[in-house]
Student: 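Structure below; questions to follow.
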Amino acid sequence: MSKYAIKNVEGAQVAEAELADGVFGIEPNIPVIHQSVVAIESCARQGTHSVKNRHEVSGGGVKPYRQKGTGRARQGSIRAGQWTGGGVIFGPTPRSHAKRINNKMVKLAMRSVLSGKVADGELVLVDSLSFEKPSTKQAIALLAALGVSEKRVTVVVPDDDVNTYLSFRNIQRVNIIGVSEASTRTLIDNGALIMTPDIAKKLEEVLA
């Protein structure tokens, strides 16, 4: 177990949290992180891009002119790709871009990201992120007190914490996610990762 500072909403250290070395203190595996992010982004692609080939465009059916004697190259159909309005050669067709990696690699990638955040000092633990009512002004003040208002920030909150979500969602450079949405990509794509000690413990339980 390693000690990590817990700050309050004013940015002052009020306690220390014990973080499991197996989740927050390993040597980051960069290739696995890359592979996990590529898989996540590939699965997000719709794969609906499509073009018409020479069998799907209109026209054709007969040779545009006779085979010999014209001085031009022989042609069989105006639907061929070299003709204006002809089919697209080797164009994209609807398909799945999904890539799969096993669960052990997914967890290793997330542990690597969290360990990297700790090593770089980009993990910020806050004793409480609860808002009595949605308040963007209060959320901006919190970011300023923590010294991360100029960074790209990811805030991880409980899935049912609506007030906190509404408070942060309209702030530029801030991405707020529920703990169930935590992934290699959402955790790494920021300059500061904010969560409460309770969220950190939940991640430990899942990734241990």
Side-chain angles (χ1 to χ4, degrees), residues 2 4-14 17 19 23-46 99 101 105-131 134-204 206-207:
S2 299
Y4 203 82
I6 301 176
K7 298 181 179 181
N8 59 16
V9 293
E10 285 79 30
Q13 180 176 342
V14 293
L19 301 179
V23 176
F24 292 91
I26 69 171
E27 181 70 24
N29 191 319
I30 305 302
V32 172
I33 292 176
H34 175 264
Q35 196 169 348
S36 177
V37 171
V38 168
I40 291 171
E41 294 193 337
S42 296
C43 291
R45 295 183 64 179
Q46 290 184 334
K99 299 180 184 294
I101 60 175
M105 294 177 67
V106 172
K107 291 185 177 181
L108 175 58
M110 292 182 66
R111 291 198 300 268
S112 296
V113 169
L114 292 172
S115 297
K117 292 296 179 183
V118 171
D120 295 338
E122 295 181 347
L123 176 65
V124 182
L125 294 182
V126 183
D127 59 349
S128 175
L129 282 174
S130 60
F131 289 74
S135 174
T136 302
K137 181 178 179 179
Q138 185 179 345
I140 292 175
L142 172 61
L143 296 176
L146 296 175
V148 297
S149 56
E150 299 301 320
K151 298 181 178 180
R152 284 187 300 111
V153 178
T154 297
V155 183
V156 187
V157 298
D159 294 325
D160 57 353
D161 193 348
V162 178
N163 288 341
T164 304
Y165 174 80
L166 295 176
S167 299
F168 281 97
R169 68 173 179 173
N170 287 330
I171 304 176
Q172 288 185 343
R173 298 188 299 275
V174 174
N175 180 33
I176 183 164
I177 60 172
V179 65
S180 64
E181 298 177 274
S183 66
T184 306
R185 189 186 185 285
T186 56
L187 294 178
I188 199 175
D189 188 24
N190 54 70
L193 179 62
I194 300 177
M195 64 180 70
T196 63
D198 291 338
I199 295 294
K201 290 299 180 183
K202 286 184 179 180
L203 292 175
E204 282 184 6
V206 174
L207 302 176

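What's counted below: heavy atoms across the whole structure, side chains too, no hydrogens, waters or symmetry copies.
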Student: How far apart are the closest heavy atoms of K7 and G11, and which atoms are they?
Tutor: CD-O, 3.8 Å
Student: Any chance CZ of R185 has more than 12 other-residue heavy atoms, nucleotides or ligands included, within less than 6.0 Å?
Tutor: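 No, CZ of R185 has 12 or fewer neighbouring heavy atoms, counting only those of other groups under 6.0 Å.
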Student: P134 and S167: which non-hydrogen atoms are nearest, and at how many Å?
Tutor: CA-OG, 3.4 Å
Student: List the atom of P197, the atom of D127, and the distance in Å for their closest heavy-atom pair.
Tutor: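 Nearest heavy atoms, P197 then D127: CD-CA, 4.4 Å.
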Student: For the backbone of T136 and the side chain of N170, can you confirm whether one donor and one acceptor N or O come within less than 3.5 Å of each other?
Tutor: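 Not at all, since once roles are kept as given, no pair shorter than 3.5 Å links the two residues.
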Student: Give, for atom CD1 of I101 and atom CD of Q35, the distance between the pair rounded to the nearest 0.5 Å.
Tutor: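 Here the interatomic distance stands at 6.0 Å.
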Student: Is R152 reaching over with its side chain to a backbone N or O of D189, donor-acceptor style, under 3.5 angstrom?
Tutor: yes
Student: Measure the CD-CG distance between E181 and D159 for me, rounded to the nearest 0.5 Å.
Tutor: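 Here the interatomic distance stands at 7.0 Å.
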Student: Of all the heavy-atom pairs spanning A109 and I33, show the shortest one and how long it is.
Tutor: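 Shortest heavy-atom separation between A109 and I33 comes out as O-CG1, 3.9 Å.
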Student: To the nearest 0.5 angstrom, please state how far the CG atom of L143 sits from the CD atom of E150.
Tutor: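 With rounding to 0.5 Å, CG (L143) is 10.5 Å from CD (E150).
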Student: Any side-chain heavy-atom pair from V153 and I194 closer than 4.5 angstrom?
Tutor: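 Yes; the side chains approach each other to less than 4.5 Å.
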Student: Any idea which heavy atoms bring L125 and A200 closest together, and the distance?
Tutor: CD2-CB, 4.3 Å
Student: Please round to the nearest 0.5 Å and tell me the distance separating atom OG1 of T154 and atom CD1 of I188.
Tutor: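 So the gap between those two atoms works out to 10.5 Å.
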Student: Kindly indicate whether the side chain of V179, heavy atoms from C-beta on, has any atom under 4.5 Å from the side chain of V206.
Tutor: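 Result no, sub-4.5 Å side-chain heavy-atom pair not found.
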Student: Does the side chain of L146 come within less than 4.5 Å of L142's, by heavy atoms?
Tutor: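 Contact flag for L142/L146 side chains = yes.
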Student: How far does CD1 of I6 sit from OG of S128, to the nearest 0.5 angstrom?
Tutor: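 Reported value, rounded in 0.5 Å steps: 11.5 Å.
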Student: Calculate, to the nearest 0.5 Å, the distance between atoms CG and CZ belonging to N163 and F168 respectively.
Tutor: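 CZ of F168 is found 12.0 Å from CG of N163.
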Student: Does K202 NZ have over 12 foreign heavy atoms under 6.0 Å away?
Tutor: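 Open: at most 12 neighbouring heavy atoms sit under 6.0 Å from NZ of K202.
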Student: Do I26 and L108 come within less than 4.5 Å of each other through their side chains, counting heavy atoms only?
Tutor: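 Answer yes - side chains close enough.
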Student: Would you say the side chain of I176 lies within less than 4.5 Å of the side chain of I171, judging by non-hydrogen atoms?
Tutor: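 I171 does not reach I176 side chain to side chain.
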Student: Take V23 and L114 through the test side-chain contact (heavy atoms from CB on, under 4.5 Å) and record every step on the way to the result.
Tutor: CA-CA 7 Å; V23 176; L114 292 172; 3.9 Å; yes
Student: How about V155 and M195: do any of their side-chain heavy atoms sit closer than 4.5 Å?
Tutor: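 Heavy-atom side-chain distance check fails, nothing below 4.5 Å.
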Student: Mind jotting down which residue pairs meet the side chain to side chain donor-acceptor pair (under 3.5 Å) criterion with at least one end in residues 109-118? Sequence neighbours excluded, please.
Tutor: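 Output for this query lists K117-E122, K117-N190.
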Student: Does Y4 use its side chain to pair, donor to acceptor, with the backbone of F24 at less than 3.5 Å?
Tutor: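 A pair under 3.5 Å: no.
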Student: Quick check: closest heavy atoms across A39 and K99, and the distance to 0.1 Å?
Tutor: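 The answer is CB-O, 3.9 Å.
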Student: For T164 and L129, indicate whether the former's side chain and the latter's backbone hold a donor-acceptor pair under 3.5 Å.
Tutor: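 Yes, because the side chain of T164 sits within donor-acceptor range (under 3.5 Å) of the backbone of L129.
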